[in-house]
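Remember, it's 1-based here, ligands and their atoms both numbered in the order they're listed.
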Amino acid sequence: MPLLEVENLTVTLATNRGPGDAVRNVAFALDRGETLGLVGESGCGKSITALALMSLLPERARIAGSIRLDGRELTTLGEDQLCGLRGDRMAMIFQEPMTSLNPVQTIGRQVAEPLILHKGMTRAAARERALDLLDRVGLPNPAARLDQFPHQLSGGQRQRVMIAMALACDPDLLIADEPTTALDVTIQGQILDLILDLVEERGMALLLISHDLGVIAETTQRMMVMYGGSVVEAGPTAEVFARMAHPYTRGLFAARPKLGPATETPLATIAGVVPELADLPPGCPFANRCPLMIPPCNDGLPPPLPMGPDHISRCIRARELVASA
Ligand SMILES: Nc1ncnc2c1ncn2[C@@H]1O[C@H](COP(=O)(O)OP(=O)(O)OP(=O)(O)O)[C@@H](O)[C@H]1O
Ligand SMILES: [Mg+2]
């Protein structure tokens with residue numbers, strides 16, 4: 001049995017223009033020791049998917065489908081039981097550490113808290129363990145940091161503290177939602193390497209969310225490409241990059257920023273914008289921006305077509321697309 005099994009996950013949010021599905025029919029499984037990437041443009045539903053897994057959805061969100069952790073259904077658990085799991089069996093690293101750290105509590109206390117709460121440690125033992133964790137995540141001078149406050153640390157240091165907190169109880173599942181977006185490029189690489197080392201060291205499952213295809217290519221074994229709330233392509237990362245089978249994946253790839261000397265060619269972009277939730281079309285969500293669109297694309301959400309071992313695409317022209325390039 002996989003550690004995490006998601007089936008037919010749909011999340012409907014209340015927007016000021018009526019209800020809209022931020023996540024549509026998402027399904028995947030994730031095992032211990034596995035790394036899975038989730039990539040897509042802003043607004044495609046990545047964070048809502050992560051929040052659904054953690055049962056931290058916004059008020060008035062409706063959830064349908066199934067999320068099982070070690071065979072246990074999470075969508076029907078009460079808040080008490082969920083609190084017992086969050087921070088213990090599953091933990092999340094958020095995009096902006098400043099908004100997730102408590103500004104008026106010391107670093108030491110915040111890292112120790114899950115240990116006291118979930119592991120029943122004494123304050124002294126938890127403080128000792130917090131020191132080990134801060135050391136492990138590479139925070140310089142960890143002993144002195146225990147009694148400091150978040151504003152006394154740099155962005156990269158705060159993100160290391162968030163990672164220490166997420167890892168405190170040795171979770172089985174770690175969700176990292178754009179863990180490096182707020183950081184500069186050199187620090188980004190260090191933090192990603194740290195997360196990967198820790199995932200390997202502890203045999204956790206990692207769901208890594210990023211809008212950056214390069215990050216996904218370098219850090220994950222399998223990947224899902226999301227658009228308009230649905231997973232439009234998924235598969236082993238190397239296989240997806242070798243045979244991109246959805247026009248949206250190809251668009252993202254063509255639009256990725258490249259390193260190296262500036263050239264005369266302007267950066268390619270995908271024309272058009274991500275649809276608003278209340279305006280999602282009944283057919284393929286990407287149809288109105290897609291260079292390959294044909295009338296049947298508007299008939300309904302395309303089913304997942306098998307493209308290779310464990311590789312699917314929700315594009316009715318996927319076979320032609322792969323054959324043509
Ligand atoms: N609390 C909310 N109420 C209503 N709509 C919301 C809420 N939070 C997010 N949304 C909408 O849900 C959709 C998916 O949002 P989500 O935050 O999951 O995107 P994302 O892929 O994480 O984007 P980003 O890359 O910008 O973080 C968007 O259309 C967004 O506007
Ligand atoms: Mg997000």
query: Just to confirm, does any protein heavy atom lie below 4.0 Å from atom 11 (C) of ligand 1?
result: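 Yes, there is a protein heavy atom closer to it than 4.0 Å.
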- prompt: Protein heavy-atom contact under 4.0 Å for atom 31 (O) of ligand 1?
  reply: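 Not a single protein heavy atom is under 4.0 Å away.
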Identify the closest protein heavy atom to [atom]: which residue and atom is it, and at what distance?
atom	value
atom 23 (O) of ligand 1	Gly43 N, 2.8 Å
atom 25 (O) of ligand 1	Lys46 NZ, 2.8 Å
atom 7 (C) of ligand 1	Leu13 CD1, 3.7 Å

message: Looking at ligand 1, would Ala14 count as a contact under a 4.0 Å heavy-atom criterion?
response: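 Distance cut 4.0 Å: Ala14 passes for ligand 1.
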query: Could a heavy atom of Gly40 be found less than 4.0 Å from some atom of ligand 1?
result: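 So Gly40 does not count as touching ligand 1.
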If you measure every N or O of [X] against every N or O of ligand 1, does any of those distances drop under 3.5 Å?
X	value
Thr15	no
Gly45	yes
Ser42	yes

Ligand-side contact atoms (ligand 1) for residue partner [X], heavy atom cut-off under 4.0 Å:
X	value
Ala22	12 (O)
Glu178	25 (O)
Leu277	11 (C), 12 (O), 13 (C), 29 (O)
Ser47	17 (O), 18 (O), 20 (P), 22 (O), 27 (O)
Pro58	1 (N)

Is it true that [Y] and [X] share a donor-acceptor pair across their side chains at a distance under 3.5 Å?
X	Y	value
Gln157	Arg160	no
Asp21	Thr10	no
Ser66	Glu73	yes

Nearest non-hydrogen partners of Val26 and Val6, listed with the distance: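 In this case the closest contact between Val26 and Val6 is O-CG1, 3.6 Å.
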Tell me if a side-chain donor or acceptor on [X] pairs with a main-chain N or O of [Y] at a distance below 3.5 Å.
X	Y	result
Gln159	Pro179	yes
Arg243	Met307	yes
Arg89	Asp172	no
His118	Arg86	yes

query: Which class fits the ring pair Tyr227 and Tyr248: parallel under 30°, tilted 30 to 60°, perpendicular over 60°?
result: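 Tyr227 vs Tyr248 ring planes: tilted.
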message: If we check side-chain contact (heavy atoms from CB on, under 4.5 Å) with Leu69, which of these qualifies: Leu30, Leu74, Leu53?
response: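 When Leu30, Leu74, Leu53 are each tested with Leu69, the side-chain contact (heavy atoms from CB on, under 4.5 Å) holds only for Leu74.
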query: Hey, which of Leu38, Leu213, Val231, Leu252 is the one that makes side-chain contact (heavy atoms from CB on, under 4.5 Å) with Val225?
result: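 With Val225 as partner, Leu38, Leu213, Val231, Leu252 yield a single side-chain contact (heavy atoms from CB on, under 4.5 Å), made by Leu252.
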message: When you measure from the Mg ion (ligand 2) to the N, O or S atoms of Ser47, does any of those distances fall below 2.8 Å?
response: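 So Ser47 does bind the Mg ion (ligand 2) by this criterion.
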task: Would you tell me which option among Ile48, Thr181, Leu57 has the nearest heavy-atom contact to atom 9 (C) of ligand 1?
output: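 Shortest heavy-atom distance from atom 9 (C) of ligand 1: Ile48.
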